[in-house]
Amino acid sequence: MKPHEHVAAFGTVDGELRVGGLPLTRLAARVGSTPFFAYDRGLLDERVDRLRTALPEQVELSYAMKANPMPAVVQHLAGRVDRIDVASGLELRTALDTGIRPEQVSFAGPGKSPAEIGQAVASGIIVEVESPTEIERVIAAGDELGLTPSIAIRVNPDFAVKGSGMRMGGGPQQFGIDAERVPEFVKEYARAGVDIRGFHVFAGSQNLDAAIIAEAQRRTVELVVELAQHLTTPVRYVNLGGGFGIPYSERDQALELDVLAAGLQELVDGPLSRELPDATPVIELGRYIVGECGVYVTRVLDRKVSRGKTYLVVDGGMHHQLAASGNFGQAIRRNYPLAVGNRIEAPEDENVTVVGCLCTPLDLLGDNVAVPAAGIDDLVVIFQQGAYGLTASPTAFLGHPAPAEVFV
Ligand SMILES: *Cc1c(COP(=O)(O)O)cnc(C)c1O
């Protein structure tokens, strides 16, 4: 997708990018400082509506809140999705603060501490156990609290998902229990005073190939049907993972949601209703829900020319936006879409390199990009910033103040 397509998604007003209904300079004045992150409520709602319309009714939508844990965003989404997936004790408290029912919350991730497991069992959420040690801790917490913990078994599948930005299943993994070991695991813990509600398979993140994700979901259901035979209770929870990607570079194409929806409908009508009639299928998504509704807004501090190359130095950088600098798991750095947000309709007649304010060559936000002529105090906007921005960046690096975050 090209930068102008991202501009079109937000819209323009008075020659400026429109975010949350406001011209960008007005929003910047309202926020009071740069740099800042802004998440557009209207775009977020549109995305959830589109998912709801496309996906089969029976499939529950879970928000993986590590993508964007801002409490206002989580609160807003709690009323619009079915579930929240958390990955730490703090995320668990934020999720429960929304008023969501505990049964609608799941907790995944290797290395949950005994304290976090205690929190999870006390609150009555579904703990997605990733190892024998974890289930022992869950059982101990249940005994101590006099409660029957609800769990799902996270399975490391015997297949890998190709094309994922980050692979989290197949081969040896720190995630989940290897599929071939699940039968003996279930046998050992079937009568241990835990309620095994079902299974969770999450095999990868940031995938833009709908056919590959659909194939992974088909194989996941096949695997769960087989593993279900080993349980003494019916499967009530099948978390099929997610991994739906969003286009970051110009070469990326948006995911074909219709292909995924059709694949899920086949699973719902076929093996899920035939073999697992008591199971609620769940899709858990982070960046696909929130990624595209967010921008990171920086102000130009300096403009300089070095041996023929023009630099815009902005007041933000990789300390708030590690991924845009190319240092968050990318094999090859590619520019994120960016624009000069207060000169949105001017012709793009200059090539500039946008760098952040940190004293390291890693702090590169846009390499040789075409923009309208811009100078000091103009606002450089980076798109696709609603997920894995602020909380996935090294904010303490160089000791600059934290950026503001607004939900408009
Ligand atoms: C991080 C994570 C997600 C969300 O991944 P996205 O790429 O943001 O959709 C979903 N499930 C689990 C278990 C995760 O760890």
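Counting convention: from 1, in listed order, for ligands and their atoms alike. What you see below is based on every heavy atom in this structure, not just the backbone, and it leaves out hydrogens, waters and symmetry mates. Computed from a predicted model, the values in this text were never measured in an experiment.
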Problem set entry | Contact (N/O only, under 3.5 Å) between R154 and ligand 1 | no
Exercise. With atoms numbered from 1 as shown, which atoms in ligand 1 lie under 4.0 angstrom from a non-hydrogen atom of A64?
Worked result: 3 (C), 4 (C), 10 (C)
Seminar exercise, completed: A student checking ligand 1 against S205 at a 4.0 Å heavy-atom cut-off should list atoms 5 (O), 6 (P), 7 (O)
For this session: Verify whether one side chain among R154 and N156 offers a donor that lies under 3.5 Å from an acceptor in the other.
Result: no
Problem set entry | Sub-4.0 Å heavy-atom contact, Y288 with ligand 1 | no
Exercise. Can a donor-acceptor pair be found between the side chains of N342 and D378 at a distance below 3.5 Å?
Worked result: yes
Exercise. Purely on distance, is any nitrogen or oxygen of F244 under 3.5 Å from one on ligand 1?
Worked result: no
For this session: Report yes or no: is the cationic atom of R41 (NZ for Lys, CZ for Arg) under 6.0 Å from the centre of the six-membered ring of F407, at an angle within 45° of the ring normal?
Result: yes
For this session: Looking only at protein heavy atoms, identify the closest one to atom 10 (C) of ligand 1 and say how far it is in Å.
Result: F202 CE1, 3.4 Å
Exercise. Should Y388 be listed as contacting ligand 1, given a heavy-atom distance under 4.0 Å as the test?
Worked result: yes
Exercise. Atom 9 (O) of ligand 1: which protein heavy atom is closest, and how many Å away?
Worked result: G286 N, 2.9 Å
Problem set entry | Which residue and heavy atom of the protein sit nearest atom 14 (C) of ligand 1, plus the separation | K66 NZ, 2.9 Å
Exercise. Is D278 salt-bridged to R197, cutoff N-O under 4.0 Å?
Worked result: no
For this session: Indicate whether any N or O donor in one side chain lies under 3.5 Å from an N or O acceptor in the other, for D85 and S106.
Result: yes
Exercise. Which one of E284, R287, M65 has a non-hydrogen atom at the shortest distance from atom 13 (C) of ligand 1?
Worked result: E284
Exercise. For E128, is the nearest heavy atom under 4.0 Å from an atom of ligand 1?
Worked result: no
For this session: Run the salt-bridge test on E46 and R50 with the 4.0 Å N-O cut-off and return the result as yes or no.
Result: no
For this session: Anything under 30° is parallel, anything over 60° is perpendicular, the rest tilted; go ahead and classify F383 against F10.
Result: tilted
Problem set entry | Side-chain donor-acceptor pair present, Y237, R83, cut-off under 3.5 Å | no
